[in-house]
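Residue numbers begin at 1 in each chain, while the letters A, B, ... track the order of the sequences.
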Amino acid sequence: MEKLRTVRGVHDLLPNELHNHNEVINAGLEISDKYNYSQIEIPIFEFAEVFTRPLGKSSDIVTKENYIFKDRSEDELMLRPEGTSGVVRAFLNAGLVQDVPQRFSYYGPMFRYERPQKGRLRQFKQFGIECLGLPSSMADIEVISLGNDFLCKLGLLDKINLKINTLGDFESREIFRDALVIYLNDYKSKLSRDSLKRLSVNPLRILDSKNEGDQKIVENAPNILEYLNSNSKARFDDICKGLDHLNIDYTIDNNLVRGLDYYCHTAFEFTTNELGSQGTVLAGGRYDGLSKMLGGPDIPGVGWAAGIERLAFMVQSEFVNKTDVVLIGQSEKNNFLLLPIMKKLVQNGIKTEIIYDGNLSKKFKRANKIKALYAIVLGEEEISKKVIKLKDLKIGSEEFLDLNQAIKRIKINEDLE
RNA sequence: GCGGGUGUAGCUCAGUUGGUUAGAGCGCGGGUUUGUGGUACCUGAGGUCGCCGGUUCGAAGCCGGUCACUCGCCCCA
């Protein structure tokens, strides 16, 4: 029989790697809890419309990167490609519109049918936060500050840069877009093929093209900051001021744009150059239009999502599963006597494994392999004396003790480490 | 979706201009050790050379296709 494997771009997570993921997730949950964001969980698949409506018919995520399918009742469903739409949908369904602001955190798998690369999988995990119901620029600053603290907690701040930009409100953006198209039309013959396509579909995207020729053309293109109305301009100034107050380093990058239609005003990205071309590690922005697109009232929102695999790759702490105690019986028939000992050790919070097979030599080899700190040996001599033998595997010393004394000893030494 | 690289033991990799039983280190099993691990020594197992086809007397090595990984583009976390 042919050996089965995972599907393309979908990977197993073995203990080592999962440990790194959990470190990222736990840091995220802890810091967002302190910022008073409450964890929620939403479905992994939804009616396709939850994503197709807000993401816009032209976005890649909807046109070619989706996992879309019909279930047995012919409903069009989609594996979620991102978290924000689902969170806002849940917020609307729960009637929390009555009770704003709401602050949420979430994490879990997302799905995009893309060509896999390092840091880009078809099933990948995101950690994200959303702040709903606050139109004030203070919410933008809060959210960026939370992201910054999250990365700081992971010890990654010195490897990561923050870029921010504004897309303006919808009015400013329209005016800017028109000006940009007029400018770019003069260079139609020199634009790359990709950008030529973008010119009609999503001209703002041309601004962050990696094509050198495009970049030269873009250098002298209209600057979004000059097209902002006074409200949009004031917002952006506030955000810069807020970040200054927090001593958060950032660079303004007027070519930073968003692929998804519901974004407006603030856009930001934390990037690294340690991951090759998939350098965006945490990104987000304001999405005041989203709630309405999902059929709800006009509720503003701002948030971000971080790539767990990408961050875990940078954290890379070595995971050692350290066993506290192994239980070794002299012969197989003593194994039954080891069960209540294990139970008692576990109740005392001690990580325990019974080694069932082999002679004593093999059992100690196993103990060594799993990096056990202590061995408790139970043989004929111990049974007749009604004690156990506690061996410290680091220094090799052995002692006859009763079980309660042994537990005490193990716990004392654990605390010292 | 487009372009480049790679694929040999569980892992990291050798393998000459195509030549007969495909190798190493680590890891794994057994032993030196009948109540005791780590070190050392001895020894053993493990490979349809990613898969399919072609060229050839003969293919791990050449050619075509395919799958997977990887790098860049696209896009994004």
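Taking the ring axis of A/Phe364 as reference, the NZ or CZ atom of A/Lys391 stays within 45° of it and closer than 6.0 Å to the ring centre. Note that A/Arg80 lies outside the cation-pi zone of A/Phe45, set by a 6.0 Å cut-off to the ring centre and a 45° limit from the axis. In this structure, A/Lys163 fails the cation-pi test against A/Phe268, since its NZ or CZ atom is not both closer than 6.0 Å to the six-membered ring centre and inside 45 degrees of the ring normal.
Between A/Tyr183 and A/Tyr187, the two ring planes are tilted [angle within 30° to 60°].
In terms of position on RNA chain B, the residue among A/Glu269 and A/Asn359 whose nearest nucleotide sits closer to the 5' end is A/Asn359. A residue-by-residue look at A/Lys363 and A/Arg120 shows that A/Lys363 has its nearest nucleotide of RNA chain B further toward the 5' end.
An OP1 or OP2 oxygen of B/G50 is reached within less than 4.0 angstrom by no side-chain nitrogen or oxygen of A/Arg5. OP1 and OP2 of B/A77 both lie 4.0 Å or more from every side-chain N or O belonging to A/Thr280. Of the side-chain N and O atoms in A/Arg115, none sit less than 4.0 angstrom from OP1 or OP2 of B/G1. Proximity of A/Gln117 to the phosphate of B/G72: a side-chain N or O atom is located under 4.0 Å from OP1 or OP2. Contact between the side-chain N/O atoms of A/Lys362 and the OP1/OP2 oxygens of B/G30 is found at a separation under 4.0 Å.
Straight-line distance from the NZ atom of A/Lys118 to the C1' atom of B/C76: 17 Å, rounded to whole Å. Distance CG (A/Leu360) to C1' (B/G35): 5 Å, rounded to an integer number of Å. One interatomic measurement links the two molecules: CD1 of A/Ile206 to P of B/C75, which rounds to 10 Å at whole-angstrom precision. In this structure, the CG atom of A/Asn273 is 19 Å from the P atom of B/A77, given to the nearest Å. In this structure, A/Asp392 places its CG atom 19 Å from P of B/U36, rounding to the nearest Å. The nearest whole Å value for the distance from the CD1 atom in A/Ile25 to the C1' atom in B/A77 is 13 Å. A/Lys197 has its NZ atom 13 Å from the P atom of B/G1, to the nearest Å. Look at NZ on A/Lys365: it is 16 Å from P on B/G35, rounded to the nearest Å.
Taking the P atom of each, B/A9 and B/G46 are spaced 15 Å apart, rounded to whole Å. Taking atom P in both B/C42 and B/G25, the straight-line distance is 11 Å, to the nearest Å. When the C1' atom is used for both B/G38 and B/A45, the distance is 24 Å, rounded to whole Å. Comparing the C1' positions of B/U17 and B/G27 gives a spacing of 36 Å, expressed to the nearest Å. Comparing the C1' positions of B/G61 and B/U16 gives an interatomic distance of 11 Å, to the nearest angstrom. Distance check on atom P: B/U70 versus B/C62 gives 23 Å, rounded to whole Å. Taking atom P in both B/G47 and B/G10, one finds a spacing of 7 Å when rounded to whole Å. Rounded to whole Å, the separation between the P atoms of B/G4 and B/U43 comes to 49 Å.
Taking the syn range as angles within 90° of 0, the glycosidic angle of B/G72 is outside it, so the base is anti.
Across all strands, A/Gly9 comes closer than 4.0 Å only to sugar-phosphate atoms, never to a base (heavy-atom distances). Backbone-only engagement by A/Gly276 is indicated by non-hydrogen atom pairs under 4.0 Å involving sugar-phosphate atoms exclusively. Counting any heavy atom pair closer than 4.0 Å across all strands shown, A/Ile370 reaches no nucleic acid atom. Residue-level contact check: A/Ala367 touches neither bases nor backbone, having no heavy atom under 4.0 Å from any strand.
Remark: the A/Tyr37 side chain and the A/Glu130 side chain contain no N/O donor-acceptor pair separated by less than 3.5 Å. In this structure, a donor-acceptor pair under 3.5 Å is present between the side chains of A/Glu82 and A/Ser85.
Scanning atom types as modelled, no donor and acceptor separated by under 3.5 angstrom connect the side chain of A/Glu380 and the base of B/G35. Between the side chain of A/Glu398 and the base of B/G35 there is no donor-acceptor pair of N/O atoms closer than 3.5 Å. You'll find a donor-acceptor pair under 3.5 Å spanning the side chain of A/Arg310 and the base of B/C76, going by distance alone.
Within the shown strands, B/C2 is the pairing partner of B/G72 under the Watson-Crick or G-U definition, both distances less than 3.5 Å. In this structure, B/U66 forms a base pair with B/G50, meeting either the Watson-Crick or the G-U wobble geometry with both donor-acceptor distances under 3.5 Å. With a cut-off of 3.5 Å on both Watson-Crick or G-U wobble distances, the partner of B/A9 is given as none.
Using a 4.5 Å cut-off on side-chain heavy atoms (C-beta onward), A/Tyr250 and A/Phe270 make no contact.
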